[in-house]
Amino acid sequence: MKKILVFVSFFFLLSGCTSEKTLVCTTTVQEDQKIDIKVVANWKNDNLENFQLETVYYLENNLTSKQQETFKSYIDESMSSWKNESGVKYRSSLEKNRLNLTLEVNTSNGMKALETFSITEKNSTYEGFKKSLEEQNYVCK
């Protein structure tokens, strides 16, 4: 019995050394069109390791395919500065009346421009990150 307790104690001691957390936050914006935003942030030892920003624009039904493509091109162009940034992946796709955008950021690559994101600060903690998003009307789990 003592061996089991020692093993369990040792396991909890080791697992406590590396703390990994995932924060998932979502919001919906309703301006000219409905926009769903989801942020998935992964933390290790209270350091932001990476995050993914997923955005879905619900386009108006009366837009032609060409107008939807033009809107997608406009958004893609506005994101083009991230294409050459170390640790960043951007992709977009257009489905019927939906524009899906995904931005993945690996912060361990020392991304210089991380502070330009309004959802985080370079040295933010897990709780600070969560609080910042909740102040921007995100619901976090």
Side-chain angles (χ1 to χ4, degrees), residues 1 3-141:
M1 183 70 175
K3 289 180 184 180
I4 293 173
L5 288 175
V6 170
F7 176 74
V8 170
S9 299
F10 184 69
F11 175 76
F12 283 115
L13 181 65
L14 285 179
S15 64
C17 294
T18 303
S19 172
E20 294 184 16
K21 298 178 185 178
T22 297
L23 181 65
V24 178
C25 300
T26 58
T27 191
T28 298
V29 178
Q30 186 73 45
E31 291 179 4
D32 293 339
Q33 63 200 43
K34 180 181 172 189
I35 305 169
D36 287 338
I37 305 169
K38 178 180 177 182
V39 178
V40 179
N42 295 300
W43 298 79
K44 187 172 184 179
N45 297 329
D46 213 24
N47 293 312
L48 181 60
E49 290 286 307
N50 58 61
F51 68 90
Q52 181 170 316
L53 179 65
E54 299 173 12
T55 307
V56 178
Y57 289 88
Y58 295 92
L59 306 176
E60 295 177 17
N61 290 331
N62 61 349
L63 293 178
T64 66
S65 295
K66 185 173 181 173
Q67 289 170 319
Q68 291 182 19
E69 283 293 336
T70 300
F71 182 70
K72 179 183 179 299
S73 296
Y74 172 77
I75 297 293
D76 288 345
E77 180 64 30
S78 70
M79 300 299 288
S80 66
S81 63
W82 297 108
K83 288 184 180 179
N84 297 321
E85 189 72 46
S86 176
V88 178
K89 293 180 186 174
Y90 169 75
R91 39 184 204 282
S92 64
S93 65
L94 188 58
E95 298 175 16
K96 183 176 173 125
N97 298 328
R98 279 179 49 157
L99 175 59
N100 303 302
L101 310 173
T102 304
L103 183 69
E104 296 176 19
V105 180
N106 182 345
T107 61
S108 63
N109 287 359
M111 189 181 111
K112 293 179 264 177
L114 181 60
E115 55 272 1
T116 64
F117 286 93
S118 63
I119 61 170
T120 186
E121 295 174 7
K122 189 170 186 171
N123 296 316
S124 182
T125 64
Y126 175 90
E127 290 301 323
F129 188 92
K130 180 179 177 187
K131 182 179 177 187
S132 174
L133 287 172
E134 289 174 339
E135 288 172 353
Q136 297 175 57
N137 297 319
Y138 283 79
V139 175
C140 298
K141 297 177 186 177

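For this chain, numbers begin at 1 and follow the sequence in order. In what follows, every heavy atom counts, from backbone to side chain, and hydrogens, waters and symmetry copies are set aside. Values in this document were obtained by computation on a predicted structure and should not be read as measured data.
Qualifying side chain to side chain contact (heavy atoms under 4.5 Å, CB included) partners for N100, counting only residues two or more places apart in sequence or in other chains: V56, S93, E95, R98. For K21, the side chain to side chain contact (heavy atoms under 4.5 Å, CB included) partners are S19, W43, Y126, not counting sequence neighbours. In this structure, E60 has no side chain to side chain donor-acceptor pair (under 3.5 Å) partners at least two apart in sequence or on a different chain. The salt bridge (Lys or Arg N to Asp or Glu O under 4.0 Å) test applied to R91 returns E104, not counting sequence neighbours. For S78, there are no side chain to side chain donor-acceptor pair (under 3.5 Å) partners, not counting sequence neighbours. For the side chain to side chain contact (heavy atoms under 4.5 Å, CB included) test, residues two or more places apart in sequence or in another chain that qualify with V24 are T22, K38, V40. By the ring-ring contact (aromatic ring centres under 6.0 Å, His included) test, Y90 pairs with no residue at all, sequence neighbours left out. Checked against ring-ring contact (aromatic ring centres under 6.0 Å, His included), F71 has the following partners two or more places apart in sequence or in another chain: Y57. In this structure, E134 has no side chain to side chain donor-acceptor pair (under 3.5 Å) partners at least two apart in sequence or on a different chain. With sequence neighbours excluded, the residues forming a side chain to side chain contact (heavy atoms under 4.5 Å, CB included) with E127 are T125, K130, listed by chain and number.
The structure places CG of L99 at 11.0 Å from CG of N97, a figure rounded to the nearest 0.5 Å. Distance CG/N42 to CD/Q52: 9.0 Å, rounded to 0.5 Å. Atom CE of M79 sits about 7.5 Å away from atom OG1 of T55, to the nearest 0.5 Å. If you take CG on N50 and CG on N106, they are separated by 5.5 Å, rounding to the nearest 0.5 Å.
More than 12 heavy atoms of other residues, nucleotides or ligands sit less than 6.0 Å from atom CG of N62.
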Practice task
List the steps and the verdict of side-chain contact (heavy atoms from CB on, under 4.5 Å) for T26 and D36.
Solution key: CA-CA 7 Å; T26 58; D36 287 338; over 6 Å; no

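The salt bridge (charged side-chain N to carboxylate O under 4.0 Å, His left out) contacts involving residues 65-79 comprise K72-D76, where partners must be two or more places apart or lie in separate chains. Residue pairs meeting the disulfide bond (SG atoms under 2.5 Å apart) criterion with at least one partner in residues 22-56, sequence neighbours excluded, are C25-C140.
Between the side chain of T27 and the backbone N or O of N137, at least one donor-acceptor pair lies under 3.5 Å.
Inter-residue side-chain proximity for L59 and L94 is flagged as met; some heavy-atom pair is nearer than 4.5 Å.
Closest of all the heavy-atom pairs between A41 and F51 is CA-CB, 3.8 Å.
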